[in-house]
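Below you'll find the structure, written out as structure tokens, and then a few comments.
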There are 2 protein chains.
Amino acid sequence: MSLPHAILIALTEKSGSGLDLARRFGKSIGYFWPATHQQIYRDLARLEAAGLIASEAQPGARGGKRLYRVLPAGLAELRRWVPLGEDGPPLRDALMVRLRGEAALGPTGLAATLHDRIAEHERKLAEYRAIKARDFGGAPSSRADALRGLILDGGIRNEAGWIELLREALRILESDETGPEVLRRPLKPGA
Amino acid sequence: MSLPHAILIALTEKSGSGLDLARRFGKSIGYFWPATHQQIYRDLARLEAAGLIASEAQPGARGGKRLYRVLPAGLAELRRWVPLGEDGPPLRDALMVRLRGEAALGPTGLAATLHDRIAEHERKLAEYRAIKARDFGGAPSSRADALRGLILDGGIRNEAGWIELLREALRILESDETGPEVLRRPLKPGA
DNA sequence: CATAACATGTAATGAGTTACATGATTAA
DNA sequence: TTAATCATGTAACTCATTACATGTTATG
């Protein structure tokens, strides 16, 4: 239930339209709280109905574009919500289920999937590192910059951790596949 | 949509009743694919309707206890599913949203929440390490053990990574709170 | 004017969460 | 026989996802 508050924070940082927000979610807050434009429009309507934000139509723009901004009541709600405690989100990753399945069933050909997943994490890692180098290169100039840099570090460490773990998984699978069990599975065409 | 397959894997490892599974989910597969007993009963019924598992009532047991076991079709479905690829799950953590809110709004009193969250991760870390020491103490005796130990390592590294990150966040917040902005907020009673 | 791109929104589906409900067995 | 516990199951709600739908402005 954090999406309305994530939207409030994004609007606090900079006013914008629904699609503006959807695009910004794609490359900032969306890294740790993803949302589609449908969710964002729905919650923008709710936030406006609750009196936390206000909007006005933009006459010169195409589509029925509306500019949303945070009202004082919205800032007050944010100040109330930000320090609240809650449990951490449960870890839920199907790849761990698959690895456990591999453990239970024996070789099933999971290595190719692991390679793909490692590549995905490497791509994200490179993306985050590029942002870090571009926007947080030197010493943080403010408390807010230090916090935002830290959040980005969280993403970087997360990706790096997965890469490390999945490479170890590959070592287990591949040492096995080149070992005594090599004949249990057909060879892949490209290998 | 991995829960039915997680159930199949759990039943492959050992047959059991719905509540057996719910309990085992609480301390094994549930660490990376949590599920409540309601979800498990629902999917057990679906899996049985699909012909992947079978059950028989246990006359001597209390309640309408049923023992579920995997059918050959269920094993075949697992062999099909395990190596399938998919995107990694999106990272979605409200605490990162709160940290970003703290960055946008200034001090809001998030430190206490961070302490709680760090304690939660430390508790899980100790729990996972105890399991590791108990069940995976020496060199892995089999491929399956190596994989299961690796999955557990994933949980351990994840918790340790969060602890490290959140401690850095605390340093940023607390160095700030004892610095020039100390007078902006009331002191906490216990501090 | 036809088309593409922009901007907002609706509908259907499925999963997860929480609270509650039902039936059977053991134990006081 | 009453209460507690075990075991299974229903119901209502919210959220996320996907596909689709509507209207507007710029471009050729």
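Quick caveat, the model's predicted, so the values are computed rather than measured. Below, all heavy atoms of this structure are taken into account, side chains as well, without hydrogens, waters or symmetry copies. Convention: sequence-line order gives letters A, B, ...; per-chain numbering from 1.
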Which residues share a ring pair (Phe, Tyr, Trp, His ring centres under 6.0 Å) with A/Y31, sequence neighbours left out
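Ring pair (Phe, Tyr, Trp, His ring centres under 6.0 Å) check on A/Y31 returns A/Y128.
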Going by the rule ring pair (Phe, Tyr, Trp, His ring centres under 6.0 Å), which residues pair with A/F25 if we only count those two or more places apart in sequence or in a different chain?
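Here no residue qualifies.
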B/S/- contact track for nucleotides 8-19 of chain C, protein heavy atom under 4.0 Å:
BBB----SSBBB
Atom-to-atom span, CG of B/L47 to P of D/dT8 - whole angstrom:
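Value for this atom pair: 15 Å.
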Roughly, in whole Å, what's the span from CZ in B/F25 to C1' in D/dA7?
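Distance, rounded to whole Å: 17 Å.
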Establish, with yes or no, whether the OP1 or OP2 oxygen of C/dC6 is under 4.0 angstrom from a side-chain nitrogen or oxygen of A/R23.
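No, because none of the side-chain N or O atoms of A/R23 sits under 4.0 Å from OP1 or OP2 of C/dC6.
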Checking A/D20 now: which residues fulfil side chain to side chain contact (heavy atoms under 4.5 Å, CB included) with it, not counting sequence neighbours?
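A/D20 satisfies side chain to side chain contact (heavy atoms under 4.5 Å, CB included) with A/S17, A/R23, A/K65 once adjacent residues are dropped.
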Applying side chain to side chain contact (heavy atoms under 4.5 Å, CB included), can you list everything that pairs with A/N158, at least two apart in sequence or on another chain?
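Listed in chain order: A/W162, B/L91, B/N158.
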By the ring pair (Phe, Tyr, Trp, His ring centres under 6.0 Å) test, which pairs, at least two apart or in different chains, include something from residues 65-94 of chain A?
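Counting only pairs at least two positions apart or across chains, the ring pair (Phe, Tyr, Trp, His ring centres under 6.0 Å) contacts touching residues 65-94 of chain A are A/H5-A/W81.
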